[in-house]
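Following: one structure in structure tokens, then a few remarks.
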There are 10 protein chains.
Amino acid sequence: MLFMVQMQVNIPASIDKDTADALKKNEKEMSQKLQREGKWRDLWRVVGQYANVSIFNVSGNEELHQILSNLPLFPFMTISVTPLTQHPSAIAQID
Amino acid sequence: MLFMVQMQVNIPASIDKDTADALKKNEKEMSQKLQREGKWRDLWRVVGQYANVSIFNVSGNEELHQILSNLPLFPFMTISVTPLTQHPSAIAQID
Amino acid sequence: MLFMVQMQVNIPASIDKDTADALKKNEKEMSQKLQREGKWRDLWRVVGQYANVSIFNVSGNEELHQILSNLPLFPFMTISVTPLTQHPSAIAQID
Amino acid sequence: MLFMVQMQVNIPASIDKDTADALKKNEKEMSQKLQREGKWRDLWRVVGQYANVSIFNVSGNEELHQILSNLPLFPFMTISVTPLTQHPSAIAQID
Amino acid sequence: MLFMVQMQVNIPASIDKDTADALKKNEKEMSQKLQREGKWRDLWRVVGQYANVSIFNVSGNEELHQILSNLPLFPFMTISVTPLTQHPSAIAQID
Amino acid sequence: MLFMVQMQVNIPASIDKDTADALKKNEKEMSQKLQREGKWRDLWRVVGQYANVSIFNVSGNEELHQILSNLPLFPFMTISVTPLTQHPSAIAQID
Amino acid sequence: MLFMVQMQVNIPASIDKDTADALKKNEKEMSQKLQREGKWRDLWRVVGQYANVSIFNVSGNEELHQILSNLPLFPFMTISVTPLTQHPSAIAQID
Amino acid sequence: MLFMVQMQVNIPASIDKDTADALKKNEKEMSQKLQREGKWRDLWRVVGQYANVSIFNVSGNEELHQILSNLPLFPFMTISVTPLTQHPSAIAQID
Amino acid sequence: MLFMVQMQVNIPASIDKDTADALKKNEKEMSQKLQREGKWRDLWRVVGQYANVSIFNVSGNEELHQILSNLPLFPFMTISVTPLTQHPSAIAQID
Amino acid sequence: MLFMVQMQVNIPASIDKDTADALKKNEKEMSQKLQREGKWRDLWRVVGQYANVSIFNVSGNEELHQILSNLPLFPFMTISVTPLTQHPSAIAQID
């Protein structure tokens, strides 16, 4: 089941640099693990912003929330979720 | 070069059904031709809306505008364009 | 899988009364069929508006879109969809 | 009398972890007490957000405000309230 | 139980003048009946707009929706409803 | 002359509790003095929010601004002002 | 008593040209009469828009609403009203 | 050349009282100097807000920006600028 | 003096094709005349929209409004105007 | 390939003056280097705001993001990006 997720990162200045760097390192590792598992299907940077557009392929709402709420940067992100489905004109079939 | 494009369709009631059907048929054909060419990389329906989320892979702004402005439903769509680029945590490389 | 769906109805004045009445009658029948099947779990009127707040219990995005896009009033509704999941403080378990 | 209540939680970074944990523990206990009493009829997590969608079944505006304004996290939540009523197509009757 | 209700009237140009005049006359009569009954507690014009700010004193959500949805101008109004309750600094007691 | 005033209170966490309590106590006293004088005609709590809806009956813009800008919580409130006037369907006459 | 009033004009295409011209001619005459009386204190065009920014000097809310709601273009304008008062740094005194 | 300028002041709590008082005193002096020179043509307080509506009469964009960006409170203001011009119905001529 | 002007075109379906074509032809001619005169300094299409971003170099507000309000498509455009001035980091000097 | 970029600067008060000055100095140098290279084609100040409107001429999304995300003030700016293309009525050709 596919979802578009838009994440805007805003790490407050009160977080010291070492903590922020550790958060970003862990975020990257967790993100890449999820990409390798096929759950974080696509991940793109939005030009000019500390933000991304992502496509998740998960079993449903529960799994998506578990993934997003466990991201190290979750407390510092504004997230919006858009449920997607098969488009009648799309050649590719959502598996 | 990747762009996320969000299209919201709103065909006014003053368009008669035959015209609307012809527009939609042409839209579908053009959309599938562009998908086969690899330019309309992804096309998903937004759940509960007459709208889509799409990813285009084009040579740049000029080509993207030529594609979008020539879609049969272009006069009846609200379109927003978000330029995307490689995310440092993404495993896949934008070609 | 649960989704909150908010529907705002706006039947244009150009629709004649008989057509509108037939649409509303069909909408009611389809809505009640879906309620009896347990898919349209809750349906409430928003006070002072021609609008509703609904909870759907469906197998996923695909089924939800099939249901919503086949509602007789779909062309005349503004719809927003919010994916829901188990709350850690909730006593009731989402089945 | 039913109300949909949407709560977005935003605990500022200046609140230390112990205080925040105690607030959340008390919030959970009060929430579950109100659920057992049937006043907090439904409680769902919004996917991807530190937010919930809730349905309250209370005697009226006064009781709803007493409940909400006494929640331990009340000072850290953005709350919106939507009054609901019986929908003419709903099979279930609001008691 | 008190509610603030804000109504913005927008009668489309396609409604002929006689129909509009009849609607307004009926609206005025129903409004004054409800004021005499004490249910439409206050009714003020917003300066510079075809809009009003009203305070309703009703038994609850159900009665408020019955009143609002039966107003002759209901199909032509944008309505927002704000539930009110006793303010701790108010001298007057809501009865 | 009547005005609807909507006040949203937001006391920052950096204000210590004693100062906040003193501000609220003074606010309450000033509010009740103005209510007794008939200038703060109505004061209601908005359900679920640290906010109020008020009706002021003052000699004009100058007096309203003097009252509002001298409230102890003025620096911590977002205020909107809506000028009101006699509604042609209102039974009660604005004095 | 001063008010800033912002008016955005939107005459629908369904109004024929003669009617529109008559409305504009009457609007101009009424506007100039009010300017000569000192009630419509200032009238400026917003660059690039069919809109104006105006300052009214009237006895209060009642008079302002009478003036605005009797303008020939009132049914075709979106109007916002901002009450003004003496600024403590202003050299000129509002009379 | 006339411009409407709307300024909303928001001095953060982290600015100590003496600094804030000095800023306001300097702001007032500079504002009155500009009023005497005829450049800050009008200055009004918005009722219920720490905000003003102003009309500037300057030689153009460059001079307006020099004035606004040199105001002592500039770093603490949200400013919007609306270019104005002669209205065809205005009796007074912009000089 | 420079201004950024954003124009969104929306020709209603009620305008017949010949009239629309004539409007667009006249718009193009007037636009190119103004470009040749150096007043319409830059004109770009917004990707995916029937809209443009333009830079005007004019003597002031009056001239800009005369130009914009005389464009053949003016009645069918939503226009926003942003006054610009020399940036302290810009190498090029606004003449 | 052209993009309009709008940048709004907001340096938090917690940044000390020396750090802020160094950031601004570096920003200016990098901006002027990019202008000399022809990549930052235009840079204008927005009147009355700590903001700019810019036109970038770059090879595509990737280069634009590299430029913007490496600006010294990037962490303190709200940035929006609008892809532009040749306008059919423009005399100048985008190279």
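Order of the sequence lines sets the chain letters (A, B, ...), proteins ahead of strands, with each chain counted from 1.
Residue F:Leu84 holds its CG atom at 11.5 Å from CD of G:Glu62, rounded to the nearest 0.5 Å. In this structure, CG on F:Asn61 lies 7.0 Å from CG on G:Asn61, to the nearest 0.5 angstrom. For the atom pair OG1 (F:Thr85) and CD (G:Gln66), the distance works out to 7.0 Å, reported to the nearest 0.5 Å. Separation of atoms CE (G:Met1) and CE (F:Met1) is listed at 3.5 Å; rounding is to 0.5 Å.
Neither the backbone nor the side chain of G:Thr82 has a heavy atom closer than 4.5 Å to any heavy atom of chain F. Looking at G:Leu2, the atoms closer than 4.5 Å to chain F (heavy atoms on both sides) all sit in the backbone: N, CA, C or O.
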